[in-house]
Peer 1: 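For reference, the structure I am asking about is given below.
For the numbers below, each heavy atom of this structure counts, side chains included, while hydrogens, waters and symmetry mates do not.
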Amino acid sequence: MRPVVGITAGFDPDRTRAVLHRGYPAAIAAAGGLPVVLPPLDPVLAPAAAEAIDGLMLSGGPDLDPVYFGAEPRGSRTICPERDRFELALLEQVVGRDKPILAICRGVQVLNVFAGGDLYQDLNREYPRALQHEQEAPDWYGTHKVRLVPGSLVARIYGCEELRVNTFHHQALRRVAPGFRASAHAADGVVEAVEAVDRGFVVGVQWHPERMWERDDRQLRLFRAFVAACTGRRGTE
């Protein structure tokens with residue numbers, strides 16, 4: 001039986017439709033899971049949502065409101081208050097149930113802030129040596145390299161210590177949250193992946209593997225590892 005993977009979604013600019021890039025559910029399905037889309041809901045529904053899924057994927061999207069890491073706006077762009085509230089409430093419930101988490105782009109930023117870390121609100125303003133992290137190349141194309149920390153879970157999943165990835169972010173992790181370690185960096189030092197130190201599968205990446213896996217088989221390894229962890233978690237209930 002396929003494990004159920006909840007995938008967070010956003011709103012369109014008019015807030016009349018929930019939106020999610022097709023690559024997220026397609027990758028989960030290809031990896032053996034059953035994707036279920038979770039739009040921004042009332043946070044009171046977070047316990048029920050967390051109970052219904054075997055694992056959670058936090059997808060990409062707009063900036064997290066800097067109020068959640070104790071900062072005033074200094075380069076943040078579009079935010080979605082409804083999504084912020086729901087995802088943080090959902091994370092609390094999923095972490096409390098020790099279920100697997102895979103966080104992508106915005107998702108890794110939300111995960112880091114939830115766990116006590118913070119963010120660069122705008123790399124161009126706050127990180128002068130930054131590479132170009134908002135590529136104009138096709139979304140499936142890897143435009144810069146990341147170095148994976150030897151022995152890390154991410155390095156074991158990918159089976160390498162260097163990887164070319166796509167990049168669509170102007171924010172990034174600044175202080176990595178307690179209980180996590182950085183497991184990949186760009187050449188400029190920007191954190192590109194983190195993983196929990198003393199929990200089960202809790203991994204976040206700054207790139208977008210859901211847009212690459214159909215052309216780069218290695219990117220599907222991350223989704224397979226996540227779905228395998230969800231399958232294992234399901235077997236314990």
Side-chain angles (χ1 to χ4, degrees), residues 1-9 20 23-38 46-60 87-88 90-112 114-115 146 148-161 163 165 173 176-184 191-213 216-237:
M1 188 173 183
R2 288 180 174 238
V4 177
V5 175
I7 308 174
T8 58
L20 181 70
Y24 293 105
I28 291 300
L34 177 64
V36 174
V37 178
L38 299 172
E51 192 64 32
I53 61 178
D54 299 307
L56 173 66
M57 180 186 291
L58 295 171
S59 67
E87 288 188 350
L88 290 166
L90 183 58
L91 261 177
E92 182 176 5
Q93 296 296 321
V94 170
V95 168
R97 290 166 171 77
D98 197 27
K99 294 187 177 185
I101 297 168
L102 176 59
I104 293 175
C105 198
R106 166 195 159 90
V108 70
Q109 296 167 11
V110 173
L111 176 64
N112 190 61
F114 168 81
V146 295
L148 310 182
V149 174
S152 66
L153 176 58
V154 173
R156 297 198 305 272
I157 289 171
Y158 279 101
C160 61
E161 294 182 8
L163 193 67
V165 300
L173 276 59
V176 174
F180 285 78
R181 65 172 176 174
S183 48
V191 174
E192 290 280 341
V194 295
E195 57 194 56
V197 174
D198 57 357
R199 301 184 66 89
F201 191 106
V202 182
V203 172
V205 299
Q206 190 62 73
W207 63 91
H208 281 271
E210 84 285 353
R211 303 188 187 189
M212 300 184 74
W213 68 271
D216 183 349
D217 289 343
R218 291 177 301 177
Q219 295 294 343
L220 189 58
R221 297 175 190 175
L222 181 61
F223 297 104
R224 286 175 173 159
F226 171 54
V227 169
C230 295
T231 301
R233 182 64 179 80
R234 184 183 185 89
T236 66
E237 296 181 342

Peer 1: Can you list the residues that meet the ring pair (Phe, Tyr, Trp, His ring centres under 6.0 Å) rule with Phe114, with sequence neighbours excluded?
Peer 2: none

Peer 1: Among residues at least two apart in sequence or on other chains, which ones pass ring pair (Phe, Tyr, Trp, His ring centres under 6.0 Å) with Tyr24?
Peer 2: none

Peer 1: Side chain to side chain contact (heavy atoms under 4.5 Å, CB included) with Ala52: which residues, sequence neighbours excluded?
Peer 2: none

Peer 1: Locate the shortest heavy-atom distance separating Phe226 from Gly55; write the atom from each residue and the value.
Peer 2: CZ-C, 4.1 Å

Peer 1: Find the distance between CE (Met1) and CG (Leu34) and round it off to the nearest 0.5 Å.
Peer 2: 8.0 Å

Peer 1: Counting C-beta onward and ignoring hydrogens, is there a side-chain heavy-atom pair between Leu91 and Leu58 closer than 4.5 Å?
Peer 2: yes

Peer 1: Identify the two heavy atoms, one from Glu195 and one from Val154, that lie closest to each other, and give their separation to 0.1 Å.
Peer 2: OE1-N, 3.2 Å

Peer 1: Within a strict 4.5 Å, meaning less than it, do heavy atoms of the Glu192 and Leu173 side chains meet?
Peer 2: no

Peer 1: What residues form a side chain to side chain contact (heavy atoms under 4.5 Å, CB included) with Val37, not counting sequence neighbours?
Peer 2: Ala9, Leu20

Peer 1: Assess the residue pair Val194 and Val203 against the criterion (side chain to side chain contact (heavy atoms under 4.5 Å, CB included)); give the C-alpha distance rounded to whole Å, side-chain angles, the decisive distance to 0.1 Å, and a yes or no.
Peer 2: CA-CA 6 Å; Val194 295; Val203 172; over 6 Å; no

Peer 1: Quick one: does Ile101's side chain get under 4.5 Å of Phe201's, heavy atoms only?
Peer 2: no

Peer 1: Any side-chain heavy atom of Leu222 sitting closer than 4.5 Å to one from Leu102?
Peer 2: yes

Peer 1: Quick one: list whatever passes side-chain hydrogen bond (donor to acceptor under 3.5 Å, both in side chains) with Arg106, sequence neighbours left out.
Peer 2: Asp84, Glu87

Peer 1: Apply the test side chain to side chain contact (heavy atoms under 4.5 Å, CB included) to residues Met57 and Thr8: give CA-CA distance (whole Å), side-chain angles for both, the deciding distance (0.1 Å), then the verdict.
Peer 2: CA-CA 7 Å; Met57 180 186 291; Thr8 58; over 6 Å; no

Peer 1: Is Ile104 close to Pro209 at the side-chain level, that is, under 4.5 Å between some pair of heavy atoms?
Peer 2: yes

Peer 1: Using the rule given for side chain to side chain contact (heavy atoms under 4.5 Å, CB included), can you reason through Leu148 versus Ser183, listing the C-alpha separation, both sets of side-chain angles and the distance that settles it, and then say yes or no?
Peer 2: CA-CA 6 Å; Leu148 310 182; Ser183 48; over 6 Å; no

Peer 1: If you compare all heavy atoms of Ala155 against all heavy atoms of Val149, which two are closest, and at what distance to 0.1 Å?
Peer 2: CB-O, 3.3 Å

Peer 1: Can you see which heavy atom on Ala50 is nearest to which on Leu90, and at what distance?
Peer 2: N-CD1, 3.9 Å

Peer 1: Between atom NE2 of His208 and atom OG of Ser59, what is the distance when rounded to the nearest 0.5 Å?
Peer 2: 9.0 Å

Peer 1: Considering non-hydrogen atoms only, spot the tightest contact between Ser152 and Arg181 and give its length.
Peer 2: CA-NH2, 3.3 Å

Peer 1: Tell me, do Trp207 and Leu163 make a side-chain contact under 4.5 Å, heavy atoms counted?
Peer 2: yes

Peer 1: Distance from Arg224 atom CZ to Ile28 atom CD1, nearest 0.5 Å?
Peer 2: 12.0 Å

Peer 1: Please report the C-alpha distance between Lys99 and Asp54 in whole Å, then the side-chain angles of each, then the deciding distance to 0.1 Å, and finally whether the salt bridge (Lys or Arg N to Asp or Glu O under 4.0 Å) criterion is met.
Peer 2: CA-CA 6 Å; Lys99 294 187 177 185; Asp54 299 307; 5.3 Å; no

Peer 1: Report yes if the side chains of Leu56 and Ile53 come closer than 4.5 Å at any heavy-atom pair, otherwise no.
Peer 2: yes

Peer 1: Could you check Gln219 against Glu210 for side chain to side chain contact (heavy atoms under 4.5 Å, CB included), going step by step and ending with a plain yes or no?
Peer 2: CA-CA 8 Å; Gln219 295 294 343; Glu210 84 285 353; over 6 Å; no

Peer 1: Tell me the closest heavy-atom pair linking Gly200 and Asp98, and the distance in Å.
Peer 2: N-OD1, 4.2 Å

Peer 1: For Trp213, does its backbone N or O pair with a side-chain atom of Arg218 as donor and acceptor, under 3.5 Å?
Peer 2: no

Peer 1: Does some side-chain heavy atom of Leu111 sit less than 4.5 Å from a side-chain heavy atom of Val202?
Peer 2: yes

Peer 1: Check whether any side-chain N or O of Arg221 sits under 3.5 Å from a backbone N or O of Asp217 as a donor-acceptor pair, and report yes or no.
Peer 2: no

Peer 1: Who passes salt bridge (charged side-chain N to carboxylate O under 4.0 Å, His left out) against Arg156, sequence neighbours left out?
Peer 2: none

Peer 1: Nearest 0.5 Å, what's the CG-CE distance between Leu220 and Met212?
Peer 2: 12.5 Å

